[in-house]
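Numbers for residues simply follow the sequence, beginning at 1. What you see below is based on every heavy atom in this structure, not just the backbone, and it leaves out hydrogens, waters and symmetry mates.
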Amino acid sequence: MGVIEKLYGHSLALLTDLYQLTMAYGYWKLGLADRRAVFHLAYRKQPFGGGFAIACGLHEAIDYLQRFRFDASDLEYLATLKGNDGNPLFDRAFIDYLAGFRFACDVDAMPEGTAVFPYEPMARVAGPLLQAQLLETPLLNMLNFPTLVATKAARICIAAEGQPVLEFGLRRAQGVDGGVTASRAAFVGGCAATSNVLAGKLFGIPVRGTHAHSWVMAFDGELQAFDAYAEAMPNNSVFLVDTYDTLEGVRNAVQAGRKLREQGHEMAGIRLDSGDLAYLSIEARKILDEGGFPKAQIFASNDLDETIVASLKQQGAKVAVWAVGTKLATAYDTPALGGVYKLSALADKHGKWQYKVKLSEQTAKTSIPGVLQVRRFRGPDGLFTADAMYDIDSGIHLPTEIIDPTDPIRRKEIPAGAEGEDLLVPVLREGALVYAVPDIHDVQRRTVAQLASLHPSIKRFINPHRYPAGLESRLFDLRQKLIAEAKA
């Protein structure tokens with residue numbers, strides 16, 4: 001059973017914008033419903049001012065697509081919608097058509113955990129125009145936000161330099177679904193565990209947690225509260241020490257830890273949740289070491305993100321575990337990825353592809369025509385060197401030149417013999433799953449491997465290097481030709 005069925009238990013076919021259904025109705029009414037079409041899903045601008053993103057959300061999208069059908073209640077609701085004249089918005093025959101709807105598109109996508117760059121298709125949908133059109137809103141919904149959170153998590157994990165990062169954001173997340181989605185995406189991005197127990201159950205993510213200030217306040221004194229927690233949870237004793245006076249709280253934790261040790265257990269650590277975390281962690285480390293607890297870990301929380309974690313480490317903070325909540329689960333400070341889903345090819349009545357391009361006053365919004373694939377190249381050192389977007393029908397022949405879709409001056413030569421792999425892999429064929437969906441731990445390992453293959457200059461937070469990702473020269477020429485024809 002997939003997560004969508006576990007969480008909702010009913011059809012999500014109407015998880016879309018109305019204009020998707022009105023366009024579908026128009027295609028059906030004009031006899032275009034079964035015309036073959038190709039759409040690509042991509043984004044235009046790197047989130048968080050960074051140099052990369054981590055693709056995420058395919059797991060949920062697959063679950064959705066396998067269950068994509070209109071149930072009786074969906075059809076009953078659509079039949080109630082009215083047009084401006086007060087008459088039904090949709091013909092009864094169209095409602096009946098949707099009742100027999102069978103999803104039959106081909107879907108190719110980048111595996112979750114793949115490093116991705118602007119304009120590269122994260123997913124390609126090919127199939128009947130009506131069906132492919134209906135996927136625009138749900139696919140964007142299911143890939144945009146998880147990609148943001150996975151990317152944010154990866155950045156925080158980079159800042160933590162190998163120390164564990166825990167996702168603690170459920171209470172601040174945007175609703176139930178936002179919280180569950182964020183917890184999974186954060187794990188994909190590299191987090192070691194989550195506080196979200198439901199996400200732990202659904203996805204097999206490790207769960208971690210301490211106690212809140214209310215526990216301490218529920219007792220007459222802080223030491224009494226720590227002793228009580230140690231008695232109740234001797235194998236999970238991480239004490240939150242900043243309810244009253246932080247360093248005095250650390251001393252009380254040491255006293256509680258000694259009693260715990262006498263009973264055959266060890267204090268796991270303390271958590272700092274306010275104040276000058278650099279100073280307090282350094283002083284807390286001294287108190288713990290002098291008190292006989294050199295192995296007790298210091299956990300830190302309090303509106304952390306990658307820049308704060310990096311700054312604290314630069315200041316010599318003695319934090320061992322980073323608990324990140326609000327700014328991770330909400331993808332602060334980039335609230336939307338800005339993904340787009342664009343038609344790039346449409347078959348004519350003879351079945352031959354007609355490539356499509358959308359123009360715009362803004363160069364960044366001009367679309368890319370063709371049936372696209374992305375090939376990623378590596379250098380002798382194993383690091384990624386460039387990505388080439390190319391049209392499948394034309395193929396890619398080395399050597400070749402890649403050209404930035406927004407800046408033709410930015411070009412890079414791909415030499416003959418360069419080793420590369422295609423990133424879009426088959427996921428569905430005529431609606432049937434052909435992809436071996438990986439375990440979430442394997443997805444996280446892919447993220448780690450992808451990040452290790454990026455040059456450090458691309459992963460830095462300030463003025464990251466711009467990774468070479470562009471159009472193969474023949475695709476660039478085709479796009480320029482179509483732009484000129486459209487303008488004419």
Item to check | From M122 atom CE to T147 atom OG1, the distance as rounded to the nearest 0.5 Å | outcome: 3.5 Å
Next on the checklist: What I want to check is whether the side chains of D305 and Y332 have a donor and an acceptor closer together than 3.5 Å.
Outcome noted: no
Checklist entry - Does the side chain of F377 come within less than 4.5 Å of I414's, by heavy atoms? => result yes
Next on the checklist: Assess the residue pair F101 and F68 against the criterion (ring-ring contact (aromatic ring centres under 6.0 Å, His included)); give the C-alpha distance rounded to whole Å, side-chain angles, the decisive distance to 0.1 Å, and a yes or no.
Outcome noted: CA-CA 9 Å; F101 181 95; F68 185 31; 5.1 Å; yes
Next on the checklist: Checking side-chain polar atoms at under 3.5 Å, does S274 have a donor or acceptor matched by the opposite partner on N302?
Outcome noted: no
Item to check | Test item: I287 and L247 side chains (from C-beta on) under 4.5 Å apart, heavy atoms | outcome: yes
Next on the checklist: Within the 4.5 Å heavy-atom criterion, are T114 and I54 side-chain neighbours or not?
Outcome noted: no
Checklist entry - Looking at F117, is R466 sitting on its ring face, NZ or CZ under 6.0 Å from the six-membered ring centre and within 45 degrees of the normal? => result no
Next on the checklist: So for atom CE, which belongs to M233, do other residues, nucleotides or ligands contribute more than 12 heavy atoms lying within a distance under 6.0 Å?
Outcome noted: yes
Next on the checklist: Does the structure place the NZ or CZ of K152 under 6.0 Å from the centre of the six-membered ring of F48, at an angle of no more than 45° from the ring's axis?
Outcome noted: yes
Item to check | Trace of the salt bridge (Lys or Arg N to Asp or Glu O under 4.0 Å) decision for D108 with R429 | outcome: CA-CA 9 Å; D108 294 71; R429 286 295 177 265; 2.9 Å; yes
Item to check | Min side-chain heavy-atom separation Y435-V425 under 4.5 Å | outcome: yes
Checklist entry - Can we say E266 and R261 salt-bridge, meaning some charged N sits less than 4.0 Å from an Asp/Glu carboxylate O? => result yes
Item to check | Verdict with reasoning, Q133 to Q20, per side chain to side chain contact (heavy atoms under 4.5 Å, CB included) | outcome: CA-CA 7 Å; Q133 182 71 68; Q20 308 293 0; 2.9 Å; yes
Checklist entry - Does I368 reach the side chain of M389, with side-chain heavy atoms less than 4.5 Å apart? => result yes
Item to check | Check: V116 main-chain N/O paired with Y43 side-chain donor or acceptor under 3.5 Å | outcome: yes
Item to check | Lys/Arg-Asp/Glu bridge criterion (N-O < 4.0 Å) met for R445, D442 | outcome: yes
Checklist entry - Are more than 12 heavy atoms from other residues, nucleotides or ligands located less than 6.0 Å from atom CZ of R172? => result no
Next on the checklist: One thing to verify: whether E161 and K313 come together as a salt bridge, which I'm taking to mean a side-chain N less than 4.0 angstrom from a carboxylate O.
Outcome noted: yes
Checklist entry - Q315 and S311: side-chain donor and acceptor closer than 3.5 Å? => result yes
Checklist entry - Can you tell me if Y64 and N141 form a side-chain donor-acceptor pair at under 3.5 Å? => result no
Item to check | Interatomic spacing from CG in L58 to CG in D63 - rounded to 0.5 Å | outcome: 11.0 Å
Item to check | Carboxylate-amine/guanidinium proximity below 4.0 Å for E262 and K259 | outcome: no
Checklist entry - Taking the side chain from E472 and the backbone from I402, do they hold a donor-acceptor pair closer than 3.5 Å? => result no
Item to check | Within 45° cone of F384 ring axis and under 6.0 Å: R378 NZ or CZ | outcome: no
Item to check | Q66 backbone acceptor or donor facing R69 side chain under 3.5 Å | outcome: yes
Item to check | Any side-chain donor near an acceptor of the partner, R376 and Q450, under 3.5 Å | outcome: yes
Item to check | Flag side-chain contact, heavy atom, 4.5 Å: V125 against Y341 | outcome: yes
Next on the checklist: A side-chain contact here means heavy atoms from C-beta on lying under 4.5 Å apart; do R208 and S195 qualify?
Outcome noted: no
Item to check | Side-chain heavy-atom pair L454, L383 within 4.5 angstrom cut-off | outcome: no
Next on the checklist: Looking at R184 and E112, is there a salt bridge between them, counting it only when a charged N and a carboxylate O are closer than 4.0 Å?
Outcome noted: yes
